Amino acid sequence: MSKTLAILIGLGPFIGWGLFPTIASKFGGKPTNQILGATMGTFIFAVIFTMIGRMMGFITIPGGMAFFLCMLSGFGWGFGQTFLFQSFTHVGSSIAMPISTALQLIVTALWGVIALGNWPGWSHKLIGMLCLLVIILGATMTSWKEHKTAQGSKQLRAALICVFIAVIGQWLYSAAPQAANVTNGANAFFPQAIGMVLTAIVYALFQVKKHNFFKDKVSYVQIIAGFFFAFGTLTYLVSANKSVNGLATAFVLSQASVVLATLTGIYFLHQHKTSKEMTITVIGLVLIVGATTVTAFL
């Protein structure tokens with residue numbers, strides 16, 4: 001495979017994951033509409049991809065406990081994304097996404113160090129911990145407000161609570177396939193999608209007496225947003241293959257999606273920032289992506 005094609009595949013998550021929160025927010029609806037449509041879109045995408053993959057012989061659906069753990073991974077994503085959508089209602093995606101990305105990076109990195117033995121040696125651990133501090137600083141900068149108000153501070157606190165809960169599910173999304181020892185991430189895609197859509201359906205059913213989200217047109221419009229997420233996920237799985245970009249490069253390219261998610265939220269969803277806030281936000285994004293790049297190659 002040519003290097004140009006490999007990089008283009010690696011940029012798939014940048015586009016898919018970067019545009020997903022903006023598109024979901026643009027289509028509107030409540031968080032339940034968004035998670036229901038997004039998971040249905042992901043499931044449809046996964047079914048088509050898996051059918052093609054099985055016919056062509058490059059996909060094998062895991063069985064037994066591995067299948068269950070991959071489904072559990074999808075449940076984690078569905079749970080986490082539901083709370084992340086809730087955070088958008090408080091502060092918008094342009095603020096919530098960088099914070100969410102930073103927390104995911106920190107939790108994933110710490111899990112890798114504690115459970116998987118990543119960052120061997122004290123020098124690696126020291127550099128890694130410094131990078132995590134830089135990521136925290138970058139996330140803090142993206143949420144900085146030039147003119148603070150009591151209402152704004154209250155909304156930010158509410159959003160942070162949602163994001164902190166969301167990161168639990170997002171950690172499970174990353175950790176469960178590792179526990180399942182699924183070496184080819186593309187094999188996990190279908191059972192993950194099942195877990196995602198079942199989580200959303202159960203969540204919507206719990207609210208059906210109060211409001212039937214299955215009857216809302218916007219729930220099905222959100223399927224388009226789900227296609228973007230699924231595209232980002234699939235291209236990441238391909239990009240992470242050693243014959244394409246490898247895990248470290250694929251991870252860095254995918255996490256750069258926070259830049260696109262933040263900037264499209266500002267410009268297309270009109271989540272206003274002053275010139276000073278914009279400058280601080282851009283610097284914060286650079287710090288997050290830069291520190292992420294260093295940790296990926298430790």
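Side-chain atoms are counted along with the backbone in the values below, which use heavy atoms only and exclude waters and symmetry mates. The structure presented is a predicted model; accordingly, all values stated were derived computationally and were not measured.
Using a 30° and 60° split on the angle between ring planes, F88 and F85 fall in the perpendicular class, above 60°.
By the neighbour-count criterion of 12 heavy atoms within 6.0 Å, atom CZ of F206 is sparsely surrounded, having that number or fewer from other residues, nucleotides or ligands. Counting heavy-atom neighbours within 6.0 Å of K276 NZ, excluding the residue itself, gives a total of 12 or less. Counting heavy atoms of neighbouring residues, nucleotides and ligands inside a 6.0 Å radius, atom OH of Y220 exceeds 12 of them. Applying the 6.0 Å contact sphere to OH of Y267 captures no more than 12 heavy atoms from other residues, nucleotides or ligands. No more than 12 heavy-atom neighbours from other residues, nucleotides or ligands sit within 6.0 angstrom of NZ on K217. Other residues, nucleotides and ligands contribute only 12 or fewer heavy atoms inside 6.0 Å of the CZ atom of F268. Within a 6.0 Å sphere centred on CE of M65, other residues, nucleotides and ligands contribute 12 heavy atoms or fewer.
Contact check for L110 versus M129: side-chain heavy atoms found under the 4.5 Å cut-off. At a threshold of 4.5 Å between non-hydrogen side-chain atoms, the residues W77 and T39 count as touching. Using a 4.5 Å cut-off on side-chain heavy atoms (C-beta onward), Y203 and T32 make contact. Here the side chains of I48 and I52 are in contact, with some heavy-atom distance below 4.5 Å. With a 4.5 Å cut-off on side-chain heavy atoms, K30 and V218 do not count as touching. No side-chain heavy atom of V294 sits less than 4.5 Å from a side-chain heavy atom of L130. Side chains of L11 and L253 form a contact here, defined as non-hydrogen atoms less than 4.5 Å apart. Residues I95 and L156 have side chains in contact (heavy-atom distance under 4.5 Å, counting atoms from C-beta outward).
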Using the side-chain contact (heavy atoms from CB on, under 4.5 Å) rule, take I59 and N187 through it: C-alpha gap first, then chi angles, then the decisive distance, then the call. CA-CA 6 Å; I59 289 294; N187 291 341; 3.8 Å; yes

Exercise for the section: Let me see the working for Q34 and I23 under side-chain contact (heavy atoms from CB on, under 4.5 Å), right down to the final yes or no. Expected result: CA-CA 10 Å; Q34 293 171 328; I23 292 172; over 6 Å; no

Given T101 and L105, is the side-chain contact (heavy atoms from CB on, under 4.5 Å) satisfied, shown in steps? CA-CA 6 Å; T101 300; L105 291 169; 4.0 Å; yes

message: Show, in sequence, the C-alpha distance, side-chain angles and deciding distance for V258 and T292, and conclude whether the side-chain contact (heavy atoms from CB on, under 4.5 Å) test is met.
response: CA-CA 11 Å; V258 68; T292 301; over 6 Å; no

Could you please spell out the steps behind the side-chain hydrogen bond (donor to acceptor under 3.5 Å, both in side chains) verdict for S94 and K273? CA-CA 10 Å; S94 64; K273 284 182 179 287; 5.0 Å; no

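Neither I266 nor L287 shares a network with the other; the hydrophobic side chains, linked directly or stepwise wherever heavy atoms of I, L, V, M, F, W or Y lie under 4.5 Å apart, form separate groups for each.
With hydrogens and angles disregarded, no donor-acceptor distance shorter than 3.5 Å links the side chain of S257 to the backbone of F14. Put simply, the side chain of Q222 gets close to the backbone of A24: a donor and an acceptor are under 3.5 Å apart. Judged by distance alone, with hydrogens and angles left aside, the side-chain atoms of E277 form a donor-acceptor pair with the main-chain N or O of E146 at under 3.5 Å. In terms of modelled atom types and a separation under 3.5 Å, the side chain of N245 and the main chain of A250 share no donor-acceptor contact. Proximity of a side-chain donor or acceptor of T235 to a complementary backbone N or O of G232 within less than 3.5 Å is detected. In terms of modelled atom types and a separation under 3.5 Å, the side chain of S87 and the main chain of C162 share no donor-acceptor contact. No side-chain donor-acceptor contact under 3.5 Å links Q86 to the backbone of T82.
The ring pair (Phe, Tyr, Trp, His ring centres under 6.0 Å) pairs that include a residue from residues 102-142 are W111-W171, where partners are two or more places apart or lie in different chains.
The aromatic ring centroids of F228 and F231 lie 6.0 Å or more from each other.
A side chain to side chain contact (heavy atoms under 4.5 Å, CB included) with M141 is found for exactly one of L285, V286, I280, namely I280.
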